[in-house]
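Just below is one structure, and these are the notes that go with it.
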2 protein chains.
Amino acid sequence: MEKRDKILYAALELFATEGYNAVSTNKIAKYANVSEGLIFRHYKNKQGLLDAILEQAFEKVTVLYAHILMEQDPKEILRKAIVLPFEVDESEYHFWKLQFKLKWELEISGREKMQPFIDKLEWAFQELGYQEAKNEAELLNHALEGIAGGIIKQGFETQEPLKSFLLKKYNV
Amino acid sequence: MEKRDKILYAALELFATEGYNAVSTNKIAKYANVSEGLIFRHYKNKQGLLDAILEQAFEKVTVLYAHILMEQDPKEILRKAIVLPFEVDESEYHFWKLQFKLKWELEISGREKMQPFIDKLEWAFQELGYQEAKNEAELLNHALEGIAGGIIKQGFETQEPLKSFLLKKYNV
DNA sequence: TATTTTTGCAAGTGATTACTCACTCATATG
DNA sequence: CATATGAGTGAGTAATCACTTGCAAAAATA
């Protein structure tokens, strides 16, 4: 692995576990086994390093949601949406944790990227004859975000019962 | 207001808006119109200042949940729980935002304090004849946390429709 | 092979960090 | 009045912060 990437992944892991402001560039360098100056040769500054990480994260999110956004069967949309948080690859765990952390630490909303997903949920609920499709979509999204957060903070198993429960509830 | 309290409220506001690690004691002192040294006369260190804030926050949370924990009518429990996020006093806004921020920035769970509330929800669902009371309680809790977070980040109005929607959904 | 470009490091930079110290002042108590 | 005490300050402290510089080795290009 190139040192440039070692820096990025070290920063990702540290940012995700300790937070952006709590991690110094010196710490990143030591964790990546690299001189501190090299960070600034490859990235403009600390913020630029974070931007590079978020860009990669954005790609991963895009891929993850792609299957759902392409799906045409409303029931299948709901099923895939519910199952989604439970099928996040462990190797991408840090990316997800960082999303949640930054959402609050730096007030990076992430809402814009989610909107197409929520819209698709709304459409699915509409197709299935739900009266208040929009509210149903917002509510399910809240629940799924809560589940994802629960998985990140307390582990997989704690949220597992909610998966089958939701699948049953929405009959998918 | 005593300077000791001015420090506390200045720190609360700054921590809530910018985050714990992003705010220096120098900044707090200037914001509170106080010498930096005074912070450390009244509080052991920066962490001690945060602890004092959280202690006050804990009392507020306790009061807020007290009404629900004392309630005996299951329907009324659900109704009060759903309405709760919408009735947070604006003067306590910073306390709430700080809770969410610290939950992720410093990984302070807050789960322990919530557990009696979730248990009460479960009991209410059980009384109302719901099959999977525990899952219903966890799900509603996730939704309500999502709504509270939405109120804090995007404002009251954005979540308003979900209130009446939930009240209707649970028939309370 | 000669020359340029990229990659990398060690040792810096000034600014900022959390925190301490020596001290003054106001009030209270004997 | 004399003295003890706690509130308050402003100038420090060493450590750490994000970031820069000078220079060498390596790699790519000619």
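We name chains A, B, ... by the order of the sequence lines, and we start the count at 1 in each one. Computed from a predicted structure; not experimentally measured.
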Indicate whether OP1 or OP2 belonging to [N] is found under 4.0 Å from a side-chain N or O atom of [X].
X       : N      : answer
A/Lys3  : C/dC9  : yes
A/Lys44 : D/dC19 : no
A/His42 : C/dG8  : yes
A/Ser24 : D/dC17 : yes

Polar contact flag, side-chain donor to acceptor under 3.5 angstrom, A/His94-A/Gln99 =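 Looking only at side-chain atoms, A/Gln99 and A/His94 do not form any donor-acceptor pair under 3.5 Å.
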Under-4.0 Å salt bridge between B/Glu107 and A/Lys97 |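 The answer is yes: the pair qualifies as a salt bridge.
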Take atom [atom1] of [X] and atom [atom2] of [N], then tell me their distance rounded to the nearest Å.
X       : N      : atom1 : atom2 : value
A/Leu50 : D/dA18 : CG    : C1'   : 15 Å
B/Asn45 : D/dT13 : CG    : P     : 22 Å
B/Glu2  : D/dG8  : CD    : P     : 8 Å
B/Glu36 : C/dT20 : CD    : P     : 11 Å
B/Lys46 : C/dT17 : NZ    : P     : 9 Å
B/Lys30 : C/dT16 : NZ    : C1'   : 10 Å
A/Ile39 : D/dA18 : CD1   : C1'   : 10 Å
B/Asn26 : D/dG12 : CG    : P     : 16 Å

Within the structure shown, what part of the strands sits under 4.0 Å from A/Thr25 by heavy-atom distance: base, sugar-phosphate, or nothing?
->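 Base, at least one base atom sits under 4.0 Å.
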Geometric class of the B/Tyr130/B/Tyr170 ring pair [parallel <30°, tilted 30-60°, perpendicular >60°] |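 The rings of B/Tyr170 and B/Tyr130 sit tilted, inter-plane angle from 30° to 60°.
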B/Phe40, nearest nucleotide to its side chain (from C/dG8, C/dA18, D/dC19) =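 Selected nucleotide: C/dA18.
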Find which nucleotide of DNA chain D each of A/Ala22 and A/Leu38 is nearest to by heavy atoms, and output the residue with the more 5' nucleotide.
->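 Taking each residue's closest nucleotide, the earlier one in sequence belongs to A/Ala22.
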More 5' along DNA chain D: A/Asn21 or A/Arg41, using each one's nearest nucleotide?
->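 It is A/Asn21, whose closest nucleotide lies nearer the 5' terminus.
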Answer yes or no for A/Lys120 and A/Phe117: cation-pi contact, defined as NZ/CZ to six-membered ring centre under 6.0 Å and angle to ring axis within 45°.
->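 Because its charged atom misses either the 6.0 Å distance or the 45° angle limit, A/Lys120 does not stack over A/Phe117.
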Does A/Lys60 make a cation-pi contact with A/Trp96 (under 6.0 Å, within 45 degrees of the axis)?
->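 Here A/Lys60 fails the 6.0 Å and 45° test against A/Trp96.
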